[in-house]
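Just so it is clear, the values below take in all heavy atoms, side chains as well, and ignore hydrogens, waters and symmetry mates.
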Amino acid sequence: MFGEQYVFSSCSERCKSSPCPLRNPPRYEFCPNQLPDRIGTIADDRYLAFITKHHGGLYTNRFFVCENKFQCIKYSQVCDLVDDCRDKSDEAACTNHFRCKSSGRLIPKTKKCDEEFDCFDMSDECNEHCSKQILEGMYLKIIALVIGSTAIIANLAIMIKNVVSLKRCKTSVALVNKSLVIMICLGDFLVGCYLLVIAIFDTVIFKQDYCQKQVEWIYSFKCIAIGVLSTIGSQVSLFAMAGLSTVRLYGIRGPLRVPVEVNLVQSLKVALGVFSVVLTSMAIAITPVISILENFFVNGVKFADGLQLFIGTQNKQKIFAVLEAYYGRMKSTTMSWQVILKMVRNMFSNDIGNDEITDNVKKLEFYGNDGVCLFKYFVNKDDPQKTSSGLYYW
C-alpha cells in the first residue's frame with residue numbers, strides 16, 4: 001500500500017505494525033506560501049488549524065505537514081517512495097519501503113530479498129535478512145573441501161601408478177583399459193581441483209563478502225577458468241567411462257578371441273584415441289566463451305555504474321523493454337548483442353563524456369550464470385541458448 005491508502009490503514013490502526021506517519025497537525029501558520037484559499041478553524045480548542053475547499057464543496061484538512069513546516073503535501077504523496085517534502089519526512093515513518101544503503105533510494109519493501117538487485121549498491125539483497133554465498137551452508141563447504149582434496153590426492157596417486165605400469169601391458173586390450181582408467185582418473189582429478197578451488201574462494205577469500213562481490217566474481221576470468229576446468233574434467237571422465245564400457249561389452253561378446261599383442265600401431269591408435277577425447281572435451285568446454293559465438297552463449301551484460309539506467313546484470317529481454325520505451329514500437333525477431341549495445345549508446349549524448357560510460361560494458365559469459373561457474377546443461381526459456389541467437393531486432 002502507498003499514499004492515501006497507507007495513511008488511512010496505518011492511522012486508523014488497521015495495520016498495527018505500521019505507525020501513523022502524520023506527526024504535525026495542519027496549523028494555520030504552517031506552509032504560509034501554499035493554499036491561499038485556506039480557512040482557519042479552531043481544533044481541539046487548543047490551536048488554529050486550516051481547512052480548504054475541495055471539489056464538491058467539501059472542506060478538508062487532509063494534508064501532510066512536512067517537518068520543515070514550510071511545505072504541505074497531499075496524503076497521496078505520503079509513503080509513496082518519493083521524497084516530496086525534500087527533507088524525507090514524508091517517508092521517514094513509513095514501513096512499506098526499503099532504503100538503499102548508499103544512495104538512500106527508496107524501493108518497495110516487497111523488492112527486498114527477491115533475488116533481483118534494485119539498489120545500485122546491492123544492499124536490498126545483501127543485508128542482515130538475506131545474503132548469498134557460493135556454497136550455502138557450512139556442511140556443503142566442508143563436503144566440497146573434503147571431496148575435492150580426496151579426489152585430487154587419490155586420483156593423482158592412481159594416475160601415477162597406472163602410467164608407470166603402462167609399459168608392462170602385453171595386450172592391446174590391457175593397454176586400452178589402462179589408458180581409459182588413467183583418463184577417468186584425470187577427469188576426476190580436474191573435477192576435484194574445481195571443488196577445492198571453489199571451496200577455497202568461498203570460505204577463505206570471500207568469506208561473508210561474496211554477496212557484495214558476486215557480480216565481480218561471475219564476470220571474472222577466474223570464474224570462466226574454473227568453469228572450463230570442471231567441464232573438461234567431467235567430459236573426459238564421461239567419454240572414458242563410455243569407452244571403458246564399450247571395451248568390456250566387446251570383450252563379453254567375443255571372450256574366445258586371441259588378444260592382440262601391443263605394438264607401435266596399437267600404441268599410436270590408443271594415443272590418438274586419448275588425444276581425441278581430451279581435444280573433444282576441451283572443445284566442448286571452450287566453445288561457449290568464443291567471442292564470435294557471443295549471441296548464443298552470453299547471458300547478459302552489465303553497464304558502468306555511472307549509467308544509472310540498468311542495475312546489475314541485464315538480459316536481452318530487459319534491455320529490449322527499455323529500448324522499446326525509448327525508440328518506440330519494435331519488431332520481435334533476432335537482435336545481436338552488437339546491435340543492442342549500439343542502440344543503448346545512441347540513447348545518450350556523447351558531447352559530455354557519456355561515451356566513456358556507455359562503452360564500459362562487461363559481458364556475462366556462459367559460465368557466469370551462477371556463482372559456482374558450472375557448465376549450464378539445462379537452460380531456461382529466457383536464456384539465449386534456448387532461442388539460439390536472441391529474440392529481438394529493430
- Message: I'd like to know whether Lys363 forms a salt bridge (Lys or Arg N to Asp or Glu O under 4.0 Å) with Glu294, so could you lay out the CA-CA distance, the side-chain angles of the two residues, the decisive distance to 0.1 Å, and finally the verdict.
- Response: CA-CA 9 Å; Lys363 295 178 181 178; Glu294 65 177 18; 2.5 Å; yes
- Query: Yes or no on disulfide (SG to SG under 2.5 Å) for Cys373 and Cys223, after CA distance, side-chain angles and deciding distance?
  - Reply: CA-CA 6 Å; Cys373 309; Cys223 181; 1.9 Å; yes
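Using cut-offs of 30° and 60° for the angle between ring planes, the Phe303 and Phe310 rings count as parallel. Ring planes of Phe297 and Phe366: perpendicular class, angle over 60° (limits at 30 and 60°). Ring geometry for Phe50 against Phe63 counts as tilted: the plane angle lies between 30° and 60°, on a 0 to 90° scale.
Among Ile184, Val176, Leu249, the one residue that satisfies the side chain to side chain contact (heavy atoms under 4.5 Å, CB included) test with Leu244 is Ile184. With Thr313 as the fixed residue, the side chain to side chain contact (heavy atoms under 4.5 Å, CB included) test singles out one of Asn369, Asn299, Leu364: Leu364.
More than 12 heavy atoms of other residues, nucleotides or ligands shown are found within 6.0 angstrom of OH on Tyr377. Around the NZ atom of Lys112, the shell of radius 6.0 Å holds more than 12 heavy atoms that belong to other residues, nucleotides or ligands. With a 6.0 Å radius and a threshold of 12 heavy atoms from other residues, nucleotides or ligands, Met1 has its CE atom above the threshold.
Taking 4.0 Å as the cut-off between side-chain N and carboxylate O, Lys53 and Asp37 do not count as a salt-bridged pair. Under 4.0 Å is where a charged nitrogen must lie from a carboxylate oxygen, and between Glu4 and Arg62 at least one such pair does.
In this model, a donor atom of one side chain and an acceptor atom of the other lie less than 3.5 Å apart for Tyr6 and Thr95. Residues Lys178 and Ser165 bring a donor and an acceptor atom of their side chains to less than 3.5 Å of each other. Side-chain contact, Lys141 with Gln133: a donor N or O sits under 3.5 Å from an acceptor N or O.
A distance of 7.0 Å separates OG1 of Thr287 from CG of Leu293, quoted to the nearest 0.5 Å.
Considering all non-hydrogen atoms of both residues, Ile107 and Cys119 come closest at CD1-SG, 4.0 Å.
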